[in-house]
2 protein chains.
Amino acid sequence: MKPESRKQEIINAASVLFKEKGYSAVTMRDLARAMGIKAASLYNHIQSKQEILSTIIIDLAEEFTTGMDQIATSEETTIQKLENIIALHIDVTLRNADGLASLNNDWMHLEEKNLQYFEKMRHEYEENFSDIIRKGVKEKEIKPYNIDIMVFSTLSTLRTLYLWYPKQGTIDAEILKKDMISVLLKGVI
Amino acid sequence: MKPESRKQEIINAASVLFKEKGYSAVTMRDLARAMGIKAASLYNHIQSKQEILSTIIIDLAEEFTTGMDQIATSEETTIQKLENIIALHIDVTLRNADGLASLNNDWMHLEEKNLQYFEKMRHEYEENFSDIIRKGVKEKEIKPYNIDIMVFSTLSTLRTLYLWYPKQGTIDAEILKKDMISVLLKGVI
DNA sequence: GTCTATAATCAGATAGAC
DNA sequence: GTCTATCTGATTATAGAC
């Protein structure tokens with residue numbers, strides 16, 4: 001284990017608590033207790049509770065943005081792109097499942113500037129996803145169902161992975177990737 | 001429109017606010033403002049903020065429990081049962097999308113007794129779902145992928161419908177049902 | 001880097017008038 | 001059924017000692 005900065009330790013502890021109760025229900029006293037210090041001491045390392053939230057969410061959103069941009073601009077087939085998107089979500093989930101809870105459930109508590117930045121990234125991510133599916137339908141790689149339903153269905157499963165994966169440690173990441181690709185793309189029947 | 005009780009009006013207004021910001025971030029003053037009255041006046045109709053949350057969540061959880069029990073004990077094929085589960089989620093979502101936000105994101109703020117009751121219902125729902133898939137695999141109606149992945153994948157899409165469906169009013173409920181069944185069961189490629 | 005003490009504000013909820 | 005006024009305790013954050 002590399003030595004983590006005190007700030008990063010606080011952010012990690014906060015991610016766990018935010019996942020359990022949500023940003024608004026976690027107090028600075030709760031966070032301090034989890035760190036074994038007093039609430040006032042937290043402010044030597046972070047500027048505000050809001051800073052913790054925005055760090056968690058914006059870092060993750062930028063990871064997804066970077067990953068999606070690479071996938072979207074590549075020269076691969078639609079199906080390969082979808083496989084890469086699934087792999088991206090699984091990789092991020094394995095690395096930071098706790099933080100993903102805030103990304104999914106507490107983004108609306110970001111303040112003005114970061115909220116706009118986040119919503120812009122999320123919108124572009126969804127647009128990229130839709131474009132990939134649309135191109136796949138056009139080129140007959142994907143079935144001609146409603147585009148929004150296919151995007152929503154796939155994305156909602158990938159976005160909720162953080163809730164489910166930590167609960168069962170038995171599945172290897174590579175097997176998960178393989179089975180997830182099969183289930184999401186080829187269905188269960 | 002049938003005349004709603006003042007209590008039900010409060011619960012409906014609360015569902016909308018809880019969906020937007022989460023239970024913990026919504027104050028009784030916020031709720032009163034949405035109703036056009038003062039916070040103290042709310043207490044003539046409800047006992048506590050907690051009572052509002054538990055009413056929203058428990059009513060919905062019981063709807064799902066009743067629906068799933070009927071589906072699970074029926075004599076239909078696995079695929080018909082899965083189609084009925086998808087239809088159940090779509091029906092409940094059309095009727096009360098706002099309340100489903102609390103069911104999904106704020107159940108952890110239920111107090112002791114209702115929390116246990118909710119978790120019991122949720123566990124039994126997931127067990128019923130798993131049993132249906134498992135039987136389907138055994139009888140070769142369903143592909144032999146990892147059971148948990150298939151359950152999680154389907155359920156996470158259905159549980160997140162409340163976020164997505166209200167955002168686009170163009171899709172008819174019956175078409176949504178049909179396409180959702182296709183996408184979830186037969187895949188996109 | 002952590003502490004105690006405290007400021008300033010806001011939370012859920014109640015009492016009692018109208 | 002709604003109001004004003006208020007209680008009690010919790011909240012984020014700061015100041016300054018060690």
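Below, chain A is the first sequence line, B the second, and so on; all start at residue 1.
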Fill in: Atom-pair distance (CE on B/Met35; P on D/dG1), nearest Å
11 Å
Return all side-chain donor-acceptor pairs below 3.5 angstrom for residues 108-117 of chain A, not counting sequence neighbours, or 'none' if the list is empty.
{"from": "A/His109", "atom 1": "ND1", "to": "A/Asp106", "atom 2": "OD1", "distance (Å)": "3.4"}
{"from": "A/His109", "atom 1": "NE2", "to": "A/Ser24", "atom 2": "OG", "distance (Å)": "3.4"}
{"from": "A/His109", "atom 1": "NE2", "to": "B/Lys21", "atom 2": "O", "distance (Å)": "3.0"}
{"from": "A/Glu112", "atom 1": "OE2", "to": "A/Gln116", "atom 2": "NE2", "distance (Å)": "3.1"}
{"from": "A/Tyr117", "atom 1": "OH", "to": "A/Glu62", "atom 2": "OE2", "distance (Å)": "2.6"}

Practice prompt. Keeping the roles fixed (side chain from A/Asp30, backbone from A/Leu17), state whether a donor-acceptor pair exists under 3.5 Å.
Written response: no
Worksheet item: A/Lys178 side chain to A/Ala173 main-chain N or O, any donor-acceptor pair under 3.5 Å?
Response: no
Worksheet item: Quick one: what's the B/S/- string for nucleotides 4-17 of chain C, heavy-atom cutoff under 4.0 Å, read 5' to 3'?
Response: B------SBBBB--
Worksheet, complete the sentence: Paired with B/Ile71, the side chain to side chain contact (heavy atoms under 4.5 Å, CB included) test is passed by just one of B/Gln80, B/Glu83, B/Lys81, namely B/Lys81
Item to complete: Could you grab the distance from atom CG of A/Asp59 to atom OG of A/Ser102, nearest 0.5 Å is fine?
Response: 12.0 Å
